Structure formats: C-alpha cells, structure tokens
Number of protein chains: 2
Amino acid sequence: MPTIKDIAEFTGLSTATVSRCLNRHPYVSREAQLAIELAVRELGYRPNSAARSLRSGRTGRVGVVVPDASHPFFAALVAGAGQAAAQAGFDLLLQQTEAGEWHADRLLEPVITAGVDGLLVASELTPWEQYADALSEFPVVTCDQALAEIDLPAVYVDHYESTLEGLAHLRERGSGSIVGISSTSAAASPDRLRRAAYREFAHRNPELTVHELYIDADTPEAGSQLLAKLTALDPLPDGVFTGSDDIAAGLLLAARENGVDVPAKLKIIGFDDSPIARVLRLTTVHQPVRKMGARAFTLLRQLMQTSRSTPSPGAAASGPTGVQRVRVRYKLIARETT
Amino acid sequence: MPTIKDIAEFTGLSTATVSRCLNRHPYVSREAQLAIELAVRELGYRPNSAARSLRSGRTGRVGVVVPDASHPFFAALVAGAGQAAAQAGFDLLLQQTEAGEWHADRLLEPVITAGVDGLLVASELTPWEQYADALSEFPVVTCDQALAEIDLPAVYVDHYESTLEGLAHLRERGSGSIVGISSTSAAASPDRLRRAAYREFAHRNPELTVHELYIDADTPEAGSQLLAKLTALDPLPDGVFTGSDDIAAGLLLAARENGVDVPAKLKIIGFDDSPIARVLRLTTVHQPVRKMGARAFTLLRQLMQTSRSTPSPGAAASGPTGVQRVRVRYKLIARETT
DNA sequence: CTGAAAGCGCTTACAG
DNA sequence: CTGAAAGCGCTTACAG
C-alpha cells in the first residue's frame, strides 16, 4: 500500500505538504495540489486511519450500544444514527449487549477498547454508577433510558406521559376495566415508568378498575397467550395498554379467533407504530425512532466538539445539572382497535 | 490516559515485557505478570487501538455493508454477524449504502478508508467489476447476491430454486392462474433470479397461466394496492408468489377486507418468515437470516486468516474457481394462506 | 525470560 | 506557501 511518503517522492514535495493538502489545510499552492491529486490517483493512495488516529487522537468513529440490532426499535435507531453519522463523516461501531457474555458492569468495555470518539447507548446501564468511570472519559448520549435515575445526556420519549395518554384514550373510548401490561424482566426502564403511570392513572380514576399484568416476552406469541389471562380477570377487562405492537398484534388476532369483538368488547393499544401496527390497523403510540437515532448522534457530535475545546475559565462548569436532554414528541394514533 | 510506558515505569519492567504480557505471549515470568496486572488495574490502563493497529497491521474490525440496517432482513443479518464477530473478538463497522450520497461505484470507499480487516457485503455491487480493485485488497464475503454474475465468496439462499418450489406449492394447492411479483427497481439480485424462475415455471407448466407483476415498494401498503391490479387480470389469478412477507401481509388484509376468501379463492406466499408472517399465519419461505450473518462472518474469518499467512509456493493459486460459496437451506412453511 | 531500539504512517508546531 | 523533524503508543525481531 502506498503511503504519504510515496506521494511525497512521486511529486517531489515533502510529506508535510502532502499531509496538509490531504487535510484541506489552507496555504497549499495550486500546483502542489494538482500534483498531489494526480499522484494519489496514480498510486491508488489511501490514508491509513490507524496512523491518523494515533497522531490526531481522534478516531472518526462513534460506538452504538444496543441490546439487539435485529429488534425493530433498535434497528431503526441504529439506522437513523448511522445515516446521521455518515453524513458527518463518522463511522459507526456497533455493539450488541444481549448476546454477549460480558459482565453486566462491563457492557461498554469492548467498544471503548476498540477506540471511539463518543458513545450512543441504548442498552440499559444498571446500576449506572458503575459506568461513571468509563463514561467520564467519553462524550456519551443515552437513548430511551430511565431518566429519573440517570444523570447523562439523553434522547427519549416520555413513557410516563405517553402511557397516561394511552390509558386516558381507553377511558374516553368507554373502557371501564383497564389492564396495563409490563415486562416481568423489570430491567427495561420504559417498563418501570409505565408501571408508575398505571398506578397514577388508577389513583386519578378511582371509578375505574385498573389491573396490572406481567408478560415474559415481547412477542406476538406472548400476546396471543395473554387472552386467556385476560378472560380470567374479574371484572372482565375491556381495554388493554400493551406497551408493545407485537404483543398487541398477538392479542388482537387471538381475540378475533375466539370471537371477541375488537374494539366493541375489547380495546387494544400498542406502542411504537411499527409496520405490523400499520398493517393490522392497531391504535398505538408512534415514536419517531429513526429521527431519535439521528438526533442522538447530533447531540453527541455537539458534545464531542465542546469536549475537545478546552473549557474557558469563565464558562460555567457542566455539572450534573448542565446535562442536555432532548424529549422527543410521541403521538397517539387512533386506528381501529379502540 | 496511561500508556504502556507508564505501566513499565510503575512496575520497573520494560515496555517490551509489558507488551508481551498484555498480548499473552509465552515467556513472561509469573512475577512480572502479577505486577503488570496490578499496575493495569491501578492506573486504569487501556491499550490504544490505533497504535496497536498501526504497528500490527490489523484493525480487529470488519465492515458490514447493507442498504438499510432497519430493514428486518438486513437487521437480522447484521445482528447475526455482530454476535459471531463479538465472540471472535472483532468489532463491527456498519455502513449503510441506501441513504448515502455515495457514487454507485464508490459504495465501499468509506468503510475501506475507515480501516477494516475484512468486509461483509450485502448491498448490491453493480457492476461488480468496478469493485475489483477495492476488493482485491480485502478478504470479502457477499451475502445474498446474484451469484451467477459475481465471482466472490458468498453466503446465500437459492432464490431461483426456492421460487420454483413456492410456485409448485401453489400449483399443488390447486392454483391454476399464478402471479409472480417482482420489484420495478431491477437492481435487487434476488428479483432477477425470481423472474427467471417465473419464466422457467411457465415453461414447465404450459397448462397454467403465469403472469408477472411489478411493484415499486416492499411494503404492506404496496401489497394492499396489489389487489386491484390482480382483479384486473384475465383470467383472475388464484395464486400469488409475492417474494416478500410485507407485500403478502398487505395483500392478505386487503383481500379479507374486500371479501376475497384466502386461501379458497386466492392463495398467497410470502418470503423470509419474518414476525409478521408468523402473526398472520402466512405461508412463506423461511430463511435463517441470523445464521446467515454468523456464517458469513465465520467464512470471512477463515479468509482473513489464510490471507495473512503467505501462500506456500506449492499451494494452488486461489483463482476464480477456488471461491467458497455457502448455500444456506431455506424452507417452505405452509400455513393458512395456501 | 527480558530489554534496547527501530519503526508502523501520519500530523503538527517550528522555522524558514 | 514549504520542509525537516519530532512523536503519537504500540509490537517485534534482535541480542542477550
């Protein structure tokens, strides 16, 4: 592979000039530039990114940490972040935490060792204090984490408010006995906020019955099995906030198969507005996931830039209160299941 | 950040010994090892990946090139490859080609410049000869590409055979007028193979009517709109090979809404066996996508290893005929739409 | 088993 | 506008 030295010899210039030209510094003569461009094409030169990183201290990479890149939510998040990153000239280093055999408190170790300028984290960091060391070295942005507990820059949808809105929608459509679903694996932070919303809603609406039901998988199959549990409840529920399009889809189809009239006898709300929700005409809560990914990258880029410039003495210290949080607008979409 | 030199000073050893210890070379005394391990923990040392790459010539990274990481097929492919890569100690550099403003013949430029030891390519490389230069430098494995035309290592499902099998299944279930769908954007190579299969099937079964229909998007919405086109055909089709679960899903739901009995009056086959196919009980062709991603990485790793060792003079040159191709088994899953 | 030393390919003050 | 030179943090023959 040709190096910058080869370009220098080929053109009769010094490596310094070649480097400047390649990095679009000002003060490179037109002749030099043309000669160098020719040499680059002629020799098939490509800069060595390792050498560049070693010297400059930057990698041009950002890490994206998700539980599983094949889950529709995280897939869209990664796609959005990746597109924004590419536009800004950054590469995306993808790390999945779910399948790995990493210790729970070492989730970020591999991606940090690999070398990145910043980090986008959508995986749950619990307890997040254990990550304080690692995270103090990097610009980092969290996506969709439990915000009350984490003091880091974040891009998120308010799962507490959106759940309350979904429940209110069920009430307005006439549901009197409402069930709120959440995951048995209490880890996921949206679930914690949803549970809090279920209780608050019950508290605010004492005339309604509000049940909570736990489910062990976020899949259509689990949604189908939910129907039996629902019919065992007293009074019989007539509204369900599932927190998941997949669960809602499974439940809807099971209900239809068993002759339960949706929405007349049972109203169902999903979450995310994934393709399946559109196909089945599910009422759901839309999240602009790709946009969230892109926004998360934009915020991260901003942090990377400010962290590189030495903080001026007069500037306010970016203490725990100075953290940036971007709340993304969700939207309840009423379709045919409520 | 502490460097290897700090560890050397802290322990009183040389950087050479520290490096050997860190890289698990043999011939490091037990005492040295313990002292170094202590120092690493004490100082919070982390190797600098750029320096390591620059020196060793390896990056520990593989590039994954897909059109769009949020598409279920590519998402699963990336997830499978990422998991396999992580287990082998490699990081994944993700690049999406669809959203970028790259020139068609420069799809691989960014990821190559970023520095990788090998490449997994699922995006269409047309015309692939233009990539010959870039690809001659790297171990590369293609995923699901048009094989007849590309002379590169590959992991793929046979879209020609699987389409023929799907069409035969429609015939066996009683369809006499069959429609094969393909994309108007002729770029996607599976589509080319499917069209060839449609024609071959028509040729083999002169007693049947075989129509071809083009569709401009791989979405449920496009599938819904398909119904009108279908009913305009003469004779009225009673079997559709869609080549996509999303299209099949849209078509199925549109049919139901319009009182078309599926499967009695219209039989539908999807492709992929994505979650939506399971929920809707679609007959479809299952592809083990995650496994394909993992297998592609395994093959790539093998190529990376052999390309690093100097080929012995006696060994046969790995000419165009020596390329490895892994055909992955698909499976027709008959559910309730045929 | 260990150390001194070269060098991977770049970038960047410094001095013209 | 340009060049000579130092050095980023490692790894690896080479010589003990």
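Below, chain A is the first sequence line, B the second, and so on; all start at residue 1. Remember, predicted model here, so these are calculated numbers, not experimental data.
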Expressed as a whole number of angstroms, how long is the span from [X]:[atom1] to [N]:[atom2]?
| X | N | atom1 | atom2 | answer |
| --- | --- | --- | --- | --- |
| A/Leu22 | C/dT11 | CG | P | 7 Å |
| B/Arg58 | D/dG9 | CZ | P | 21 Å |
| B/Lys5 | C/dA4 | NZ | C1' | 14 Å |
| B/Asn23 | D/dC10 | CG | C1' | 9 Å |
| A/Glu9 | D/dG3 | CD | C1' | 15 Å |
| B/His25 | C/dG3 | NE2 | P | 15 Å |
| B/Glu31 | C/dT2 | CD | P | 8 Å |

From the options B/Val40, B/Val28, B/Ile36, select the one residue that forms a side chain to side chain contact (heavy atoms under 4.5 Å, CB included) with B/Val18.
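Result for side chain to side chain contact (heavy atoms under 4.5 Å, CB included) with B/Val18: B/Ile36.
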For a side chain to side chain contact (heavy atoms under 4.5 Å, CB included) with A/Gln302, tell me which candidate from A/Leu300, A/Thr298, A/Leu299 qualifies.
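Passing option: A/Leu299.
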Please compare A/Arg20 and B/Leu54 by the position of their nearest nucleotide in DNA chain C and report the one closer to 5'.
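Final value for this comparison: B/Leu54.
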When you match A/Thr3 and B/Leu13 each to their closest nucleotide on DNA chain C, which lands nearer the 5' end?
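Comparing both residues, the 5'-ward one is B/Leu13.
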Using the P atom in both, what is the distance from C/dC10 to C/dC14, to the nearest Å?
24 Å
Could you tell me how far D/dT12 sits from D/dG16 if I compare only their C1' atoms? Round to whole Å.
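The same atom, C1', in both gives a distance of 16 Å.
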Taking only N and O in the side chain of [X], is any of them less than 4.0 Å away from OP1 or OP2 of [N]?
| X | N | result |
| --- | --- | --- |
| A/Ser56 | C/dC10 | no |
| B/Thr17 | C/dT2 | no |
| A/Asn48 | C/dC8 | no |
| B/Ser19 | D/dC10 | no |

Counting distance only, does the side-chain N/O of [X] pair as donor-acceptor with the main-chain N or O of [Y] below 3.5 Å?
| X | Y | result |
| --- | --- | --- |
| A/Ser19 | A/Ala16 | no |
| A/Ser56 | A/Arg52 | yes |
| A/Asn23 | A/Arg20 | no |
| A/Thr142 | A/Pro153 | yes |

Which residue lies more 5' along DNA chain D, comparing A/Thr15 with A/Tyr27 via nearest heavy atoms:
A/Tyr27
Assign each of B/Arg52 and A/Ser14 the nucleotide of DNA chain D bearing its closest heavy atom; nearer the 5' end lies the nucleotide of A/Ser14
Can you see whether B/Ser70 engages A/Arg290 through a side-chain donor-acceptor pair at a distance of less than 3.5 angstrom?
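Yes, a side-chain donor-acceptor pair sits under 3.5 Å.
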Nearest 0.5 Å, please: how far is CG in B/Asp144 from OH in B/Tyr156?
10.5 Å
Please determine, for the side chain of A/Arg55, which listed nucleotide (C/dG9, C/dT11, C/dA6) has the closest atom?
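The nucleotide sitting nearest to the side chain is C/dT11.
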From the set D/dC10, C/dG9, C/dT12, return the single nucleotide nearest to any side-chain atom of B/Ile4.
D/dC10
At under 4.0 Å between heavy atoms, what does B/Arg30 touch on the DNA or RNA strands: base, sugar-phosphate, or nothing?
nothing
Could you tell me whether A/Ala32 contacts a base, only the sugar-phosphate backbone, or nothing, with contacts defined as non-hydrogen atoms closer than 4.0 Å?
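Here A/Ala32 touches the backbone only, sparing every base.
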Go ahead and write out DNA chain D as dot-bracket, 5' to 3': ( ) for pairs within the strand, [ ] for ones crossing earlier pairs, | when the partner sits on another strand, dots for unpaired; Watson-Crick or G-U wobble, both distances under 3.5 Å.
|||.||||||||.|||
